[in-house]
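Order of appearance sets the numbers: ligands from 1, and atoms from 1 within every ligand. Because the structure is predicted, anything quoted here is derived from the model rather than measured.
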Amino acid sequence: MKILDMLYEGKAKRIYATEDPNLLVMNYKDEATAFDGAKKGIIASKGIVNNRVSCLLFNLLEKHGVATHLVKQLDERNVLVRRMEMIPLEVVVRNVVAGSLAKRLGREEGQVLPVPVVELYYKSDELHDPMVNESHAQAFGWATKEQLTVMQQKALQVNQVLQPFFDSIGIILVDFKLEFGLADGEILLGDEISPDSCRLWDKETMDKLDKDRFRRDLGQEAEAYQEVVRRIEAALG
Ligand code: TMP
């Protein structure tokens, strides 16, 4: 597959056109940002880890009937995906209280939720990805009621696959963020699922194995990312 012009450069990935108008290449970078780009750094080999982790998890999800944009991993940093029209929403699923939920509702991090919490955020760095509800999404034309129902159902289905999977490799899936798009009218899971977009805590030590190490200046980010890919490869690779 010939890689053509770069169409878009985001904070952690670049998107390229290919000879096939229906396919794109996503190229993963080592650059890390937090707080909507206000904090910047590099996590060594992050792009390689996130590409591999995301490909293995998307493959696992496909096996469980969740349709994704994944076509195939091309090499360490590049993956071939279906072109989609992206829905400008982030869907967050939470199993354990952490991060912005802990802050907003004044709850202790680590409290296990009796049912998963699903939240929607409008994708906009300028506005700091504000939390929105279904009626905002419909009123501003970001997604239809039907699309919102499908996205939230799929997000819970992803949780039902990934939570037990991570548990089996000694990791608590605290929370994660998904993005969806439309291809031929069908809603597909897009973007990535990686230690950048999930909170992953070691079951034994409760160590953070995700981007919170960078956000909170905890150090050893690269080692934590390597540990995650090592365990996933051992189970699925
Ligand atoms: P939050 O607690 O900061 O709202 O984050 C919830 C989850 O979403 C966490 O797993 C990290 C992920 N996330 C992203 O992938 N991108 C973002 O821009 C933010 C704020 C969170």
Side-chain angles (χ1 to χ4, degrees), residues 8-13 26 28-41 43 46-47 49-51 53-54 57-58 61 68-69 86-113 115-133 136 142 151-152 154-156 158-159 161-163 165-167 171-181 189-203 206-218 221 224-225 228 232:
Y8 172 79
E9 178 155 19
K11 294 189 296 269
K13 296 188 287 296
M26 288 199 322
Y28 283 77
K29 308 190 281 186
D30 289 346
E31 276 90 344
T33 67
F35 317 117
D36 310 307
K39 179 181 165 99
K40 291 192 172 71
I43 301 176
K46 175 171 87 78
V49 171
N50 285 2
N51 188 27
V53 166
S54 209
L57 296 180
F58 275 41
L61 290 167
T68 78
H69 69 169
M86 294 306 291
I87 295 168
L89 293 170
E90 298 190 343
V91 183
V92 169
V93 178
R94 302 177 185 272
N95 297 307
V96 178
V97 174
S100 69
L101 176 63
K103 215 169 172 178
R104 187 169 356 99
L105 299 185
R107 300 286 165 150
E108 204 55 33
E109 278 207 329
Q111 183 188 337
V112 177
L113 296 160
V115 290
V117 167
V118 183
E119 297 169 343
L120 300 174
Y121 294 86
Y122 175 51
K123 265 183 83 76
S124 164
D125 274 350
E126 283 164 29
L127 301 176
H128 308 294
D129 295 352
M131 188 157 82
V132 296
N133 65 28
H136 293 115
W142 301 324
M151 285 162 66
Q152 291 174 76
K154 283 182 189 279
L156 288 171
V158 168
N159 193 42
V161 175
L162 294 190
Q163 194 187 23
F165 169 69
F166 275 108
D167 184 74
I171 290 174
I172 301 169
L173 178 60
V174 171
D175 55 30
F176 57 92
K177 183 266 301 176
L178 302 177
E179 295 182 30
F180 294 90
L189 181 61
D191 195 51
E192 66 181 282
I193 304 180
S194 71
D196 269 14
S197 65
C198 302
R199 284 197 175 89
L200 305 168
W201 295 353
D202 184 278
K203 240 170 39 174
M206 296 302 269
D207 282 349
K208 297 184 196 314
L209 302 175
D210 58 62
K211 198 168 142 189
D212 270 350
R213 300 207 73 82
F214 171 75
R215 295 189 191 98
R216 303 179 187 192
D217 293 319
L218 301 175
E221 299 92 346
Y225 277 62
V228 171
I232 296 177

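- Remark: the backbone N or O of Glu192 is not paired with any side-chain donor or acceptor of Lys177 at under 3.5 angstrom.
- Residues that satisfy the ring-ring contact (aromatic ring centres under 6.0 Å, His included) test with Phe176, not counting sequence neighbours, are absent from this structure.
- Using cut-offs of 30° and 60° on the angle between ring planes, the pair Phe58 and His69 is tilted.
- Taking the salt bridge (Lys or Arg N to Asp or Glu O under 4.0 Å) definition, one finds that Lys46 meets it with Asp196, sequence neighbours left out.
- Remark: Phe165 engages no residue in a ring-ring contact (aromatic ring centres under 6.0 Å, His included) (not counting sequence neighbours).
- Listed as neighbours of ligand 1 are Val92, Arg94, Ala98, Gly99, Ser100, Tyr121, Asp129, Asp175, Phe176, Lys177, Asp196, Ser197, Cys198, Arg199, Arg215, each bearing a heavy atom under 4.0 Å from the ligand.
- A donor-acceptor pair is defined here as one N or O able to donate and one able to accept, closer than 3.5 Å; such a pair exists between the side chain of Ser197 and the backbone of Ser194.
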